[in-house]
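Have a look at the structure below, then the notes.
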Amino acid sequence: MERTVVYQMTPDDLREFVDRELAQKNMNTMRDELLKRYDNVFIGVDEVSAIHQVSGQTVRNYIKDGLIIPELRAVENGKYKFRLSYVLTLDFKELKKELKERNY
């Protein structure tokens, strides 16, 4: 069954809505451009843990659990490497929630 929803807005409400949408789009574009700068910067577990203020063991556990995915693992020393652009998008609070949900 199809439904039609009609919203009544004043011109000021419409302008405010459009301005808010444009501002959000601009912020997302700026964020994406900023992250692109760090696509070729690789960091290790210690740097990831320092950025997100978690232990290195937490980072390694989340790798093992598949919650975060390293870009590569250096064979000679077994160290994980991550793109900084990826690391900056991680939210360890959300990852912790996801892990709890998986374990239930």
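If you read the sequence from its start, that first residue is 1, and numbering goes on from there.
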- prompt: Do the rings of Tyr86 and Phe82 sit parallel, tilted or perpendicular, given the 30° and 60° boundaries?
  reply: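 Parallel.
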
task: Go through the side-chain N and O atoms of Thr10 and Asp13 and say whether any donor and acceptor fall under 3.5 Å apart.
output: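 A pair is found: one side chain offers a donor N or O, the other an acceptor, under 3.5 Å apart.
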
Pair [X] + [Y], salt bridge at N-O below 4.0 Å:
X: Glu33; Y: Lys36; answer: no
X: Glu71; Y: Arg83; answer: yes
X: Lys97; Y: Glu101; answer: no

- request: Begin with the C-alpha distance, continue with both residues' side-chain angles, and end with the deciding distance and a verdict on side-chain contact (heavy atoms from CB on, under 4.5 Å) for Arg31 and Thr89.
  value: CA-CA 10 Å; Arg31 180 184 140 258; Thr89 65; 4.0 Å; yes

message: Do Leu90 and Ile51 make a side-chain contact, defined as non-hydrogen atoms from C-beta onward lying under 4.5 Å apart?
response: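 With C-beta onward as the side chain, the pair stays apart.
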
Give a yes or no on whether the backbone of [Y] and the side-chain of [X] come within a donor-acceptor separation of less than 3.5 Å.
X: Thr58; Y: Val54; value: no
X: Asp65; Y: Leu67; value: no
X: Glu47; Y: Gly44; value: yes

task: Locate the shortest heavy-atom distance separating Leu35 from Ser85; write the atom from each residue and the value.
output: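 That closest heavy-atom pairing would be O-CB, 3.1 Å.
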
field: Where His52 and Val87 come nearest, the two heavy atoms and their spacing
entry: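 Minimum heavy-atom separation between His52 and Val87: NE2-O, 2.8 Å.
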
message: Using the side-chain contact (heavy atoms from CB on, under 4.5 Å) criterion, which residues pair with Asp46? Sequence neighbours excluded.
response: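 With neighbours one apart ignored, the set is empty.
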
task: For atom CD of Gln57, decide whether the heavy atoms of other residues, nucleotides or ligands shown that lie under 6.0 angstrom number more than 12.
output: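 Counting neighbours around CD of Gln57, more than 12 heavy atoms of other residues, nucleotides or ligands fall under 6.0 Å, so yes.
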
task: Quick one: do Leu34 and Leu88 satisfy side-chain contact (heavy atoms from CB on, under 4.5 Å)? Show the steps, please.
output: CA-CA 10 Å; Leu34 177 66; Leu88 294 173; over 6 Å; no

query: Looking at the rings of Tyr62 and Phe92, which for Trp means the six-membered one, are their centres under 6.0 Å apart?
result: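 That pair passes the under 6.0 Å test.
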
- prompt: Are Tyr38 and Ile69 connected in a single hydrophobic cluster, I mean Ile/Leu/Val/Met/Phe/Trp/Tyr linked by side-chain heavy atoms less than 4.5 Å apart?
  reply: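 Linked within one cluster.
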
- prompt: Got a second to check how far Glu21's CD is from Glu16's CD, nearest 0.5 Å?
  reply: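 These two atoms lie 11.5 Å from each other.
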
message: Would you compute the distance between atom CD1 of Ile63 and atom CZ of Arg60 and round it to the nearest 0.5 angstrom?
response: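 Reported value, rounded in 0.5 Å steps: 8.0 Å.
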
- prompt: Going through the distances and angles, do Asn61 and Leu99 end up as a side-chain contact (heavy atoms from CB on, under 4.5 Å)?
  reply: CA-CA 10 Å; Asn61 287 342; Leu99 184 61; over 6 Å; no

